Each structure stands twice: as structure tokens, then as C-alpha cells.
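The next block holds one structure in the form of C-alpha cells; read it before the comments.
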Number of protein chains: 2
Amino acid sequence: MAIPRAAKTQRRTRIQEEKEEQILEAALDVFSVSGFRGSTIDQIAEVAGMSKPNLLYYFRTKEAMHRALIDRVLFTWLEPLRAFNAQGNPESEIRGYIRRKLEMARDFPRESRLFANEVLQGAPHIEDELKGPLKELVDEKAAVIRSWTKAGKIVKCDPYHLIFSIWSTTQHYADFDVQVRAVLGQGQSGEGRFEDAARFLEQLFVDGLSVRTNQPAS
Amino acid sequence: MAIPRAAKTQRRTRIQEEKEEQILEAALDVFSVSGFRGSTIDQIAEVAGMSKPNLLYYFRTKEAMHRALIDRVLFTWLEPLRAFNAQGNPESEIRGYIRRKLEMARDFPRESRLFANEVLQGAPHIEDELKGPLKELVDEKAAVIRSWTKAGKIVKCDPYHLIFSIWSTTQHYADFDVQVRAVLGQGQSGEGRFEDAARFLEQLFVDGLSVRTNQPAS
DNA sequence: GGATAATTTGACCGACTGGTAAACATTACA
DNA sequence: TGTAATGTTTACCAGTCGGTCAAATTATCC
């Protein structure tokens, strides 16, 4: 008499933890490529090396699998922004944020694509997270940036669009990886592109936002 | 005795043009939201207000529909980059490019999402276009930018990553629209965000890339 | 107006979809 | 070691998928 679905049990057995881990890992592989609608449980099952009913023993529905994956990944994903420190030096904070985001694009491209797919398709499953925790975090950090501009530590600019532009430029290297590789060609296809990107983005944001003592014509 | 499928006939009738237009319009609606795998012919048929077999009379397969859509949209999509002029003034060329890309993100978000979905999922249907026409165009414009940096007209920087960053920042407002709206909140949800974005991005790129006469302490 | 070609549709197909039921196998624990 | 709980699988279901077919309808042109 099974029935006490994994999700319902109080204590998690070793097998449960292992299998759920295994499933979410496979789910990340699949969902990050095809999005929610385009992914099938069978695909995930095959990647996970388990039978489809076995997946459904641990996660009752495809939605539940997707949700568990989002929940698990979201916290980590926002870590770099959370690390943004009001007390720090603006220049090095921005530089550090860019660097960390770029490292995540390099080391966790699937996670980036998972969210990109989701948001691109209208965020039907994470709307609450966007309007809630994400917005609050961004509001908080935008206030920090604004205080820097007010104090004349960096050039005056819209903090929200600054954050958007850091997100988009860094995640671009994960989400649009195929395009980046195609355009750079065979030569630059190694990991070198991340170093080049880091150099360029630091130049663009850090140098670009520094307060100018002397502005060129117009 | 039909059989001469629309695609095979030499002369296109008025009905053919109208219906194909109608179908591709609906296909853009659907593919841009759900990607290729996540979209169904039935969905497109419903949006187009036609029966499924009727769609398949004009486009033999779902793939053919997708391909026709890509082909039709790609040319227009690259127009702003093509307009990038070597003879022009660097500052106003970059400013104009950003403005045009941002206008496209505002006015043609479905087209942007169509490509975003496709590239995000590994570009299985447009790999050739990326490695061919796109790469060539970018190479050409990168050379232009490099000539500007060499001439000291703008600050020295990697032209490819400059182009990537303009792509990503501008298209972000189409592809991640839901997220942008969620973070900005109800107040800024009007079209005002595009003006704010334009102001910020011009500041970031144009001011940031101008040659400095005087650099602040590193 | 009638013949002929172009267009549209309903019925249908086999493969795949998310998910279930129940039998079977394995583990944990007394 | 026995047994109850946990874990796994085979067989299956109803609905949807991309796509076909032949019949019905409409447009075209003489």
C-alpha cells in the first residue's frame, strides 16, 4: 500500500532525496531548452534514466516538477543581486556584480535559459515571484544606486534601467549562446569570449558610469 | 483535381497571398509565445480563423510555416544594423542604431520573441542564417566600428561585444517585457518605459564610449 | 452557364501527450 | 526473518499531436 506520495511524507528518505535531485537535474536539462509547453515528461524521464510513472511518483504533475525546479533555482539565481552592498564602493560593487552575473551565465547557462524561456513565454508560472520577491529586491537595490548618484559617486542615471542592462548583457551570453558562437566564429568559440565580454562590460559600465571631471563636446 | 499546392503554382492568386499573409500573421502570434515545439497547428489555425487542413493546404508542414515566417521576418529584423553607416558620425550612428532597435522592440515585440525563442532553444532551424548572413553582416559592421576606434573617434573597445550589448539591452524590452513591467510596477507600465530606456541607453553607450579628454581616478 | 481548377472542410490515422491503476520489487525496521 | 511501507514497472487511458484523404464548395475563365 504505497499512496503516501513522496511529497506527503514527513521524513525524506535517502532514496527520495537522491531521486528528486536526479529528476530535477534532468528537468533542468529539458525545460531550459524547450520551455514548459515544449517539454515532455517522457523526455525528462529518459534523461533522468527513470520510467515516466516513476517520475510521477515523486512529482505528481509536470507542473509540480517545473515549480519545484523554479523554487530551487530562483534563490541561487538572485544571489548576486542580493550581494550588492550599499556600504561598498560603487565602482567595485558594480564591477563585482557584472563579474558574478557573467560567471553565472558561464557556469549555469541552463538556469539562465530556464528563466528566459519562462519569462519569454509570458511568465505564466512565475508571475508572483516577479511581482513579489524580485520587485522588492530590485526596488531595494535601485534605492542604493540612487543614493550613489545623489551623492555624486556615479553619474546620474536611471537605476532600474541600469539593472536591466546589466541583466540583459550578461545573461545574453547564456541565453543567446548559439548566436554569440555563430557570430564570433570558430576561432573565438572557446571560453575566451567570457573574458572578452567581462573586459568590455566592465569598460562600458564602470568607466561609462564614472563621474566625469571633463566631458567631451556634447 | 487540386494537388497543385499553393507553393508549387507559378502565379500566386489573390486568395493565396491573402491567406498566406493571414496564416503567417497567426503563426507569428503563436510561435513567438510558445516557440516551435510548444506551438501547435491547431492553435495557429484557431488564431487565423481557418481550419487546420486549410493551413496545411498553404504550408505543407509546421516546419514550412515556421521557415516561411523566419525568412519573411529576418530581413526586416536586420534592417537597423544594415543601416549602420560607415561614413556617418560614430556618435549619431550608434545613437540611431540604439533608437531604431528600441523602436523595433516596442513596435515588433513578437518578431523579437520569435527569434529569442528560436535562439534560446539552440537555433535548430536558423543555424545557417546565423553562421551565414548574420555573421557576415556583423563582421562588416564590426570592421566599421574598429576603424572608428583606430581613428580615435570613439573609445577603444571590442566591436563584437559592443554589438551584442546593444542587441541584448534593446531586445530585453521586448523579450523580457513581463519582467520589466513586473519590476517597474503599475506606475511605469505605460509606454514611458521605452523613453526612459532610450535615455538611459544613449547615456550608457554614447556618453560612455565617447573619447574622454580627462579620465577620473581609475 | 458550364467546365475546370483552386480552395475548404469533416472524418480520420498513427504517434505521442500527461496521467492512472495495479501488480511487482525492494527497502527499512521490529 | 517477516512484514509493512516504500519504490518501480507494465499496461493502459483519453485527449492531443502533425498530417492525410476524399468529398464538397467556391472561384475562374471561356
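Within every chain, numbering begins at 1; the chains are lettered A, B, ... in the order of the sequence lines, protein sequences first and strands thereafter. Just so it is clear, the model here is predicted, and its values are computed rather than measured. FYI, side chains are in, hydrogens and waters are out, and symmetry mates aren't considered; it's all heavy atoms of this structure.
In this entry the distance linking CD1 of Ile41(A) with P of dT17(C) reads 10 Å, nearest Å. If you measure from atom CZ of Phe36(A) to atom P of dT17(C), you get 14 Å, rounded to the nearest angstrom. Distance, Glu17(A) CD to dT27(C) P: 17 Å, rounded to whole Å. Note: CD (Glu21(A)) to P (dG7(D)) measures 16 Å, nearest angstrom. Summarising the geometry, the separation between CD on Gln43(B) and C1' on dC17(D) is reported as 11 Å, rounded to the nearest angstrom. Ile44(B) places its CD1 atom 14 Å from the C1' atom of dG19(D), with the value rounded to the nearest Å.
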For nucleotides 9-15 of chain C, tabulate all protein N/O to nucleotide N/O atom pairs closer than 3.5 Å, reporting atom names and distance.
residue, atom, partner, partner atom, Å
dT9(C), OP2, Ser51(B), OG, 3.1
dT9(C), OP2, Asn54(B), ND2, 3.4

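Of the residues in residues 22-35 of chain A, none has a non-hydrogen atom less than 4.0 angstrom from any atom of DNA chain D.
Residues Thr61(A) and Lys19(B) both approach DNA chain C. Their nearest nucleotides, taken by heavy-atom distance, put Lys19(B) toward the 5′ side.
Outside the 6.0 Å centre-distance limit, the rings of Phe194(B) and His161(A) are not counted as a close aromatic pair. Annotation: Phe84(B) is in aromatic contact with Trp148(B) [ring centroid separation under 6.0 Å].
Tyr160(B) and Asp196(A) form no side-chain donor-acceptor contact under 3.5 Å, judged by distance and modelled atom types alone.
Taking side-chain N and O atoms only, Gln16(A) has no distance below 4.0 Å to OP1 or OP2 of dT6(D). Close to dT6(D), at under 4.0 Å from its OP1 or OP2, lies no side-chain N or O of Tyr58(A). Within the 4.0 Å cut-off from OP1 or OP2 of dT16(D), not a single side-chain nitrogen or oxygen of Arg37(A) is found.
In this structure, Arg113(A) is not positioned above the aromatic face of Phe31(A) in the sense of NZ or CZ being under 6.0 Å from the six-membered ring centre and within 45° of the axis.
Annotation: salt bridge (charged side-chain N to carboxylate O under 4.0 Å, His left out) contacts involving residues 21-41 of chain B, sequence neighbours excluded, comprise Glu21(B)-Arg72(B), Glu25(B)-Arg110(B), Asp29(B)-Arg110(B).
Taking the six-membered ring for Trp and thresholds of 30 and 60 degrees, Phe115(A) and Trp77(A) have ring planes inclined between 30 and 60 degrees apart.
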